Amino acid sequence: MNVEEELREAMARHVADVHAPPTLGRSVRRARRRHAIRFRTAGAALVVAAVAVTVPVTVPVLLASGEPQPVRGNETASVVVKTTVTVPDVNGLKLDQAVKTLRAAGLQVDDIAEIPQFVTAQKPAAGEEVEPGTKVMLTSALQDLGDLGDGREFGGIRVGYLPEGLSWGKWSGKDGFGKTSYTTSFAEPNKDGFYSIQIVVYEGEAASFVGKRLADFPGQGAETVEVKGKKAYLANVSEVGEVAKVGAYTEPGGGTHTIGWKLRDGLAVEIMMSQFRVERIGKDKIKDELVKIAEGIRPISE
């Protein structure tokens, strides 16, 4: 005998001696139906609870509408395990600090010499997602003059104009062009190893180097131009420090396109344009760009 039959017999015994109006029977049947629905629903919930620990199940349940609806058991949660490494940003850090940071993140990097260099570029770039153990290539350079900020102020001068898109190359050197000389460069972003403009400042005795070139270069074929009323040379200078060719600043090869002049006694400047920059702007714009940068340079003490 099932549950409904047992309920039916119990109800009959309960009302056997009772005389009721016709409507009472319908009320009792409705109440009985609601009771049965509650019973069935509770029973289904118990079944779900019993099996939920093993597999997810769906059990049809009869609701008041008469339509079977699904009752869901436990659902298996999805857990995502990250298997990549986010490359840290080590640009601007001292080389030894950058290496420690990358290795702590689970990445590989070559051993370094103990020299005071700073990271100027990294590949893969900061923020990229890579496999653990990926090797990171670092580009570094000396900063003998320390952190120059935007690089526009060093060696007693201020750089007023730079072509659009150029920024400090994050390296500097001193005494590489004679005692009391200072240099840095400016480059396009994300062009590892390709400088665009390099500026050298000659102070004190080192300024005599530019004075000698001012005297000698015109005879070797350098063009003479003016920078704020002061005589300057414009030449394509070879690796041995001579004018590479008459009018060679209009040619793409043969040396480094250079303009040099004295701002005052004991303070001189040279600006050099790389072949990378020449190819970028075209040979017909070399002179105008070098002269414009030169005219924007002034002594800090002024």
Side-chain angles (χ1 to χ4, degrees), residues 85-159 162-163 165-204 206 209 237 239 241 255-258 269-278 280 293 297 300:
V85 174
T86 302
V87 179
D89 186 358
V90 296
N91 280 291
L93 294 182
K94 287 185 178 180
L95 200 51
D96 57 345
Q97 293 175 328
V99 170
K100 290 178 182 177
T101 300
L102 292 169
R103 287 177 176 169
L107 302 170
Q108 293 187 33
V109 62
D110 288 337
D111 290 328
I112 59 165
E114 293 184 3
I115 51 179
Q117 295 201 19
F118 291 75
V119 175
T120 60
Q122 63 180 91
K123 188 176 182 179
E128 286 192 25
E129 296 291 330
V130 300
E131 295 293 327
T134 296
K135 188 171 184 178
V136 179
M137 304 300 295
L138 299 178
T139 302
S140 62
L142 289 169
Q143 284 189 21
D144 281 348
L145 304 181
D147 187 349
L148 296 178
D150 62 4
R152 289 176 176 249
E153 196 166 289
F154 72 101
I157 68 161
R158 171 74 185 172
V159 180
L162 282 174
L166 299 189
S167 58
W168 182 46
K170 296 183 180 178
W171 72 271
S172 63
K174 61 182 179 182
D175 298 341
F177 294 82
K179 192 174 181 180
T180 62
S181 67
Y182 315 95
T183 186
T184 193
S185 69
F186 302 89
E188 295 181 18
N190 303 318
K191 293 296 181 182
D192 299 351
F194 291 95
Y195 82 94
S196 292
I197 297 294
Q198 181 174 352
I199 299 177
V200 183
V201 178
Y202 303 85
E203 190 177 27
F209 173 79
V237 182
E239 293 293 330
T256 303
H257 305 283
T258 306
V269 177
E270 277 190 327
I271 304 170
M272 294 173 276
M273 180 184 294
S274 70
Q275 291 297 329
F276 170 78
R277 182 65 181 174
V278 172
R280 176 73 79 196
I293 297 171
I297 291 178
I300 293 175

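All figures in this text were calculated on a predicted structure; none of them were measured in a lab.
Here the shortest heavy-atom pairing between Ile293 and Pro163 reads CD1-CD, 3.8 Å. Closest of all the heavy-atom pairs between Pro189 and Gly165 is CD-O, 3.2 Å. The heavy-atom pair separating Ala206 from Lys179 by the smallest distance is CB-O, 3.2 Å. Ala105 and Pro88 make their closest contact through CB-CG, 3.8 Å (heavy atoms, listed as atom of the first residue, atom of the second, distance). Between Leu95 and Ser140, the shortest heavy-atom contact is CD2-OG, 3.7 Å.
Remark: Ser172 engages no residue in a side chain to side chain donor-acceptor pair (under 3.5 Å) (not counting sequence neighbours). Residues passing the ring pair (Phe, Tyr, Trp, His ring centres under 6.0 Å) test with Phe154, sequence neighbours excluded: none. In terms of the side chain to side chain contact (heavy atoms under 4.5 Å, CB included) criterion, residue partners of Thr134 (sequence neighbours excluded) are, by chain and number, Leu107, Pro124, Val130, Glu131. In this view, Thr183 and Gln198 satisfy the side chain to side chain donor-acceptor pair (under 3.5 Å) rule, not counting sequence neighbours. Among residues two or more places apart in sequence or in another chain, the ring pair (Phe, Tyr, Trp, His ring centres under 6.0 Å) test is passed with Tyr182 by none. Considering only residues two or more places apart in sequence or on other chains, Leu162 meets the side chain to side chain contact (heavy atoms under 4.5 Å, CB included) condition with Arg152, Val159, Phe186. Every residue two or more places apart in sequence or in another chain that forms a side chain to side chain contact (heavy atoms under 4.5 Å, CB included) with Ala98 is listed here: Val90, Leu93, Val119, Leu138. In terms of the side chain to side chain donor-acceptor pair (under 3.5 Å) criterion, residue partners of Arg280 (sequence neighbours excluded) are, by chain and number, Glu188. Applying the side chain to side chain donor-acceptor pair (under 3.5 Å) test to Thr180 and every residue at least two apart in sequence or in another chain returns nothing.
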Checklist entry - Does the side-chain contact (heavy atoms from CB on, under 4.5 Å) test come out yes or no for Leu166 and Arg277, once each step is laid out? => result CA-CA 11 Å; Leu166 299 189; Arg277 182 65 181 174; 4.0 Å; yes
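Rounded to the nearest 0.5 Å, atoms CD (Glu153) and CH2 (Trp168) are 13.0 Å apart. Atom CD of Gln143 sits about 7.0 Å away from atom CG of Leu148, to the nearest 0.5 Å. Rounding to the nearest 0.5 angstrom, the gap separating the CD1 atom in Ile297 from the CZ atom in Arg158 is 11.0 Å. Distance check: Lys174 NZ to Leu145 CG gives 7.0 Å after rounding to the nearest 0.5 Å. Distance check, rounded to the nearest 0.5 Å: CD1 of Ile197 to CZ of Phe276 gives 11.0 Å. Atom CD of residue Gln97 and atom CG of residue Leu102 lie 12.0 Å apart, to the nearest 0.5 angstrom.
Here salt bridge (charged side-chain N to carboxylate O under 4.0 Å, His left out) pairs that include residues 88-107, with residues two or more places apart or in two chains, are Arg103-Asp111. Sorted by first and then second residue, the salt bridge (charged side-chain N to carboxylate O under 4.0 Å, His left out) pairs with a member in residues 132-143 read Asp110-Lys135; sequence neighbours excluded.
Without hydrogens or angle criteria, Thr184 side chain to Trp171 main chain gives a donor-acceptor distance under 3.5 Å. Using modelled atom types, one side-chain atom of Ser274 and one backbone atom of Tyr195 make a donor-acceptor pair closer than 3.5 Å.
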